[in-house]
J.: 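Submitted below is the structure of interest, expressed as structure tokens.
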Amino acid sequence: MSEVSPEENSKKGVSRRGVLIGGAAGVAGIAAFAFLSGRGGGGGSATADCVTTDLSASEPTLAVSNWPEYIDVDDGDYVSTLTQFQEDSGLQVTYTPDVNDNLEFFAKVRNQLGACQPTGRDLFVLTDWMAARMVQAGWTQKLDKANVPNLDKNLISSLRAPTWDQNRDYSAPWQAGFTGIAYNKSLVPEVRTMDELLTRADLKGKVTLLTEMEDTMGLLMLSDGADPENFTDDQYAAALDKLSKARAEGQIRAFTGNEYINDLAAGNIAACVAWSGDVAAADNEDLVFLPPDEGMMIWSDNMLVPVQGLHKANAEKWINYYYDPKVAAKLAAYVWYVCPVEGARAEMESIDPSLVDNPLIFPTDEYLSKTHGFKAITDDERAVLEKEYTSVIG
């Protein structure tokens with residue numbers, strides 16, 4: 001497992017990981033889970049009667065909600081994948097980058113979903129844990145496998161069978177990424193473990209951790225030898241105690257969303273828990289992302305069709321198109337996250353050969369061998385874990 005070099009960190013664009021859970025938003029989000037919990041069981045069947053008639057055959061339109069700066073754009077002679085999709089499919093796409101945060105976006109659509117009303121979107125992109133909640137609540141439509149052959153054919157093996165959608169019947173990864181450690185090499189020597197991050201004297205008061213519970217707590221449990229995909233209450237409590245102690249001792253400057261990257265570049269902090277794409281986006285040769293020795297977290301953002309998505313077949317054309325390896329490689333060259341499409345690496349040779357061996361886009365089996373997800377939990381369990389986490393981070 002090697003660090004990502006400064007040359008590999010350079011890219012265009014900005015991370016999709018916007019302002020995340022924190023403060024009042026976190027409290028509101030915890031309350032929102034009670035609303036979601038009441039929507040019944042899993043497998044997408046709880047609200048099957050809410051699924052609307054598909055109007056794709058008569059209406060060549062598609063409305064997509066995604067995270068900011070998460071798709072390539074037209075630039076001079078460069079034709080974006082979005083523009084090419086519209087030309088090839090004959091569909092008119094309304095593409096809106098309005099998913100700034102999972103909970104914030106959920107708040108936008110939950111009333112319509114709960115009332116079996118259209119959200120104004122045919123497809124949206126949410127991170128694993130929120131995608132799982134949507135699927136388990138029955139608020140997403142099952143994909144017609146005949147319409148998305150590229151998904152089953154080309155999805156990389158590491159993302160094929162999440163616990164919450166083992167056959168990818170309801171979801172398709174848009175991009176994936178890693179949570180690990182970043183440090184400013186102009187300020188401090190290499191930081192290789194979470195324990196170093198939380199105890200080294202030269203880092204005191206110069207460390208930030210993430211407000212997203214899964215990312216920070218997942219790494220902390222790994223540092224204790226626990227498995228974030230299968231942990232006990234005692235293991236979670238032990239990781240919280242470690243976090244509380246480090247905060248009380250002044251080791252941690254703040255808990256943040258992705259604004260940490262500006263402080264890291266400016267020298268206001270020296271090291272932090274970080275998302276791989278943020279460090280790549282910074283285009284700063286002093287910033288280095290690396291997997292902690294004990295392992296790192298992996299996550300994906302997933303395309304979902306809501307129960308009242310009016311143009312499901314059109315959404316499936318979009319999914320199938322972005323699982324073409326040539327299209328996927330073109331997108332990956334812009335966004336610099338883990339490409340979920342098998343075959344895209346070979347296609348990258350003709351697009352940008354310098355990216356073919358970049359582990360942040362095309363991780364090797366060795367790189368992936370130390371990645372971990374966060375275990376699937378119920379809404380009630382999440383509310384408890386979030387409350388305990390918030391009580392420590394403030």
J.: Taking the ring centre of each residue, are Tyr70 and Tyr337 less than 6.0 Å apart?
T.: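 Here the rings of Tyr337 and Tyr70 have centres that are less than 6.0 Å from each other.
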
J.: Is a side-chain donor or acceptor of Asn154 paired with a backbone partner of Tyr323 at a separation under 3.5 angstrom?
T.: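 Checked: pair present.
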
J.: Anything under 30° is parallel, anything over 60° is perpendicular, the rest tilted; go ahead and classify Trp174 against Trp318.
T.: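 Trp174 vs Trp318 ring planes: parallel.
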
J.: Got a donor-acceptor contact below 3.5 angstrom from the Arg160 side chain to the Ser158 backbone?
T.: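 Judged by distance alone, no pair lies under 3.5 Å.
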
J.: Verify, without hydrogens or angle tests, whether Lys108 (side chain) and Asp98 (backbone) share a donor-acceptor contact under 3.5 angstrom.
T.: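 Such a contact is found between Lys108 side chain and Asp98 backbone.
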
J.: Just grab all the ring-ring contact (aromatic ring centres under 6.0 Å, His included) pairs involving residues 207-234, residues at least two apart or on different chains.
T.: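 ring-ring contact (aromatic ring centres under 6.0 Å, His included) check on residues 207-234 returns Phe231-Tyr236, Phe231-Phe374.
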
J.: With no hydrogens and no angle check, do the side chains of Ser186 and Asn184 hold a donor and an acceptor under 3.5 Å apart?
T.: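 A donor-acceptor contact under 3.5 Å links the two side chains.
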
J.: Before giving the answer on side-chain hydrogen bond (donor to acceptor under 3.5 Å, both in side chains), spell out for Asp88 and Tyr321 the whole-Å C-alpha distance, their side-chain angles and the decisive distance to 0.1 Å.
T.: CA-CA 10 Å; Asp88 292 349; Tyr321 169 79; 5.0 Å; no

J.: Side chain to side chain contact (heavy atoms under 4.5 Å, CB included), that's the test. Do Arg253 and Lys206 meet it? Break it down for me.
T.: CA-CA 6 Å; Arg253 177 187 175 99; Lys206 300 177 182 178; over 6 Å; no

J.: Under the salt bridge (charged side-chain N to carboxylate O under 4.0 Å, His left out) rule, collect the residues that match up with Asp74, sequence neighbours excluded.
T.: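 Salt bridge (charged side-chain N to carboxylate O under 4.0 Å, His left out) list for Asp74, sorted by chain: empty.
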
J.: Report yes or no: do Tyr322 and Asn150 form a side-chain donor-acceptor pair below 3.5 Å?
T.: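 No, no side-chain donor-acceptor contact under 3.5 Å.
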
J.: Any luck finding a side-chain donor-acceptor pair between Asp72 and Ser80 under 3.5 Å?
T.: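 The answer is no; no qualifying pair exists.
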
J.: Grab the two heavy atoms, one from Leu220 and one from Lys242, that are nearest each other, plus how far apart they are.
T.: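 For Leu220 versus Lys242, the nearest heavy atoms are CD2-CD, 3.9 Å.
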
J.: Check whether any side-chain N or O of Thr127 sits under 3.5 Å from a backbone N or O of Met130 as a donor-acceptor pair, and report yes or no.
T.: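 No: the side chain of Thr127 does not pair with the backbone of Met130.
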
J.: Does any N or O in the side chain of Asn302 come within less than 3.5 Å of the main-chain N or O of Leu126, such that one atom is a donor and the other an acceptor?
T.: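 Yes; judged by distance alone, with no hydrogens or angles, the pair exists.
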
J.: Please answer whether the main-chain N or O of Glu294 pairs with a side-chain N or O of Arg192 as donor and acceptor at a distance below 3.5 Å.
T.: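 Such a contact is absent between Arg192 side chain and Glu294 backbone.
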
J.: Judged by atom type as modelled, is there a donor-acceptor pair below 3.5 Å linking the side chain of Ser89 to the main-chain atoms of Phe85?
T.: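 Flag set: sc Ser89 to bb Phe85 pair under 3.5 Å.
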
J.: Just jot down the side chain to side chain donor-acceptor pair (under 3.5 Å) partners of Asp352, sequence neighbours excluded, or say none.
T.: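 Once residues adjacent in sequence are excluded, the partners of Asp352 under the side chain to side chain donor-acceptor pair (under 3.5 Å) criterion are Ser354.
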
J.: Output all residues satisfying side chain to side chain donor-acceptor pair (under 3.5 Å) with Asp165, sequence neighbours left out; order by chain, then residue number.
T.: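 Partners of Asp165 by the side chain to side chain donor-acceptor pair (under 3.5 Å) criterion, ordered by chain and then number, come out as Ser171.
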
J.: Run the numbers on Asp144 and Lys312 for salt bridge (charged side-chain N to carboxylate O under 4.0 Å, His left out), then give the verdict.
T.: CA-CA 9 Å; Asp144 184 341; Lys312 175 174 173 282; 5.2 Å; no

J.: Let me check something: do Leu198 and Val392 share a hydrophobic cluster, defined by ILVMFWY side-chain heavy atoms less than 4.5 Å apart, either directly or through other members?
T.: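 Looking at the clustering, Val392 is in the same group as Leu198.
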
J.: Flag yes if Leu310 and Ile319 sit in one hydrophobic cluster, no otherwise; membership is Ile, Leu, Val, Met, Phe, Trp, Tyr, and two members link when side-chain heavy atoms are under 4.5 Å apart.
T.: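 Shared cluster, no.
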
J.: With Asp263, which residues qualify under side chain to side chain donor-acceptor pair (under 3.5 Å), at least two apart?
T.: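 Here the qualifying residues are Asn268.
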
J.: Short question: side chain of Ser369, backbone of Glu366 - any donor-acceptor pair under 3.5 Å?
T.: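 Checked: pair present.
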
J.: With rounding to the nearest 0.5 Å, note down the distance linking CG in Leu331 to CG in Asp324.
T.: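 The CG atom of Leu331 sits 12.0 Å away from the CG atom of Asp324.
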
J.: Would you check, one step at a time, whether the test salt bridge (charged side-chain N to carboxylate O under 4.0 Å, His left out) holds for Lys145 with Glu316?
T.: CA-CA 9 Å; Lys145 294 290 189 177; Glu316 291 165 339; over 6 Å; no

J.: Would you indicate whether the side-chain heavy atoms of Val305 and Lys142 approach each other to under 4.5 Å?
T.: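 Counting from C-beta outward, Lys142 and Val305 never come under 4.5 Å.
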
J.: Determine whether more than 12 heavy atoms belonging to other residues, nucleotides or ligands lie under 6.0 Å from atom NZ of Lys375.
T.: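 Above 12, so yes.
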
J.: Out of curiosity, Arg168 CZ to Leu155 CG, how far, rounded to the nearest 0.5 Å?
T.: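 The CZ atom of Arg168 sits 6.0 Å away from the CG atom of Leu155.
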
J.: Drop me the distance from Arg345's CZ to Thr364's OG1, to the nearest 0.5 angstrom.
T.: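 It is 9.0 Å, given to the nearest 0.5 Å.
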
J.: Please give me the minimum heavy-atom distance between Arg200 and Val188, naming the atom from each residue.
T.: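 In this case the closest contact between Arg200 and Val188 is NH2-CB, 4.0 Å.
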
J.: Check for a donor-acceptor pair, side chain of Gln141 on one end and backbone N or O of Gly309 on the other, with a separation under 3.5 Å.
T.: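 Yes.
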
J.: In Å, rounded to the nearest 0.5 Å, how long is the span from CG of Leu222 to CE of Met217?
T.: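 Answer for the CG-CE pair, Leu222 versus Met217, is 11.0 Å.
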
J.: Among residues at least two apart in sequence or on other chains, which ones pass side chain to side chain donor-acceptor pair (under 3.5 Å) with Glu342?
T.: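 Side chain to side chain donor-acceptor pair (under 3.5 Å) check on Glu342 returns nothing, list empty.
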
J.: Do Asp278 and Tyr260 pair up side chain to side chain, a donor and an acceptor below 3.5 Å, judged on atom types alone?
T.: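 Checked: Asp278/Tyr260 side chains pair up, N/O donor to acceptor below 3.5 Å.
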
J.: How far does CD1 of Ile361 sit from CG of Leu355, to the nearest 0.5 angstrom?
T.: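 One gets 4.5 Å once the value is rounded to the nearest 0.5 Å.
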
J.: State yes or no: do Val79 and Val73 share one hydrophobic cluster built from I, L, V, M, F, W and Y residues joined by side-chain heavy-atom distances below 4.5 Å, directly or via other members?
T.: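 Each belongs to a different hydrophobic cluster.
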
J.: Could you give the distance from NZ (Lys317) to CG (Leu123), rounded to the nearest 0.5 Å?
T.: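 The CG atom of Leu123 is 14.5 Å from NZ of Lys317, to the nearest 0.5 Å.
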
J.: Side chains of Gln308 and Gln112: any donor to acceptor distance under 3.5 Å?
T.: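 No, no side-chain donor-acceptor contact under 3.5 Å.
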
J.: Give the minimum heavy-atom separation between Cys339 and Ile156, together with the two atoms involved.
T.: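 Heavy-atom minimum between the residues: O-CD1, 3.8 Å.
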
J.: Applying the side chain to side chain contact (heavy atoms under 4.5 Å, CB included) test to Asn314, which of Asp54, Val64, Leu62 qualifies?
T.: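 Answer after filtering Asp54, Val64, Leu62: Leu62.
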
J.: If you define the side chain from C-beta out and look only at heavy atoms, does anything of Tyr334 sit under 4.5 Å from Ile71?
T.: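 No, side chains not in contact.
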
J.: Measuring centre to centre across the rings, with the benzene-like ring taken for any Trp, is Tyr367 within less than 6.0 Å of Phe178?
T.: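 Yes, the ring centres sit under 6.0 Å apart.
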
J.: Can you check whether Gly177's main-chain N or O pairs, donor with acceptor, with Ser276's side chain at less than 3.5 Å?
T.: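 Not at all, since once roles are kept as given, no pair shorter than 3.5 Å links the two residues.
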
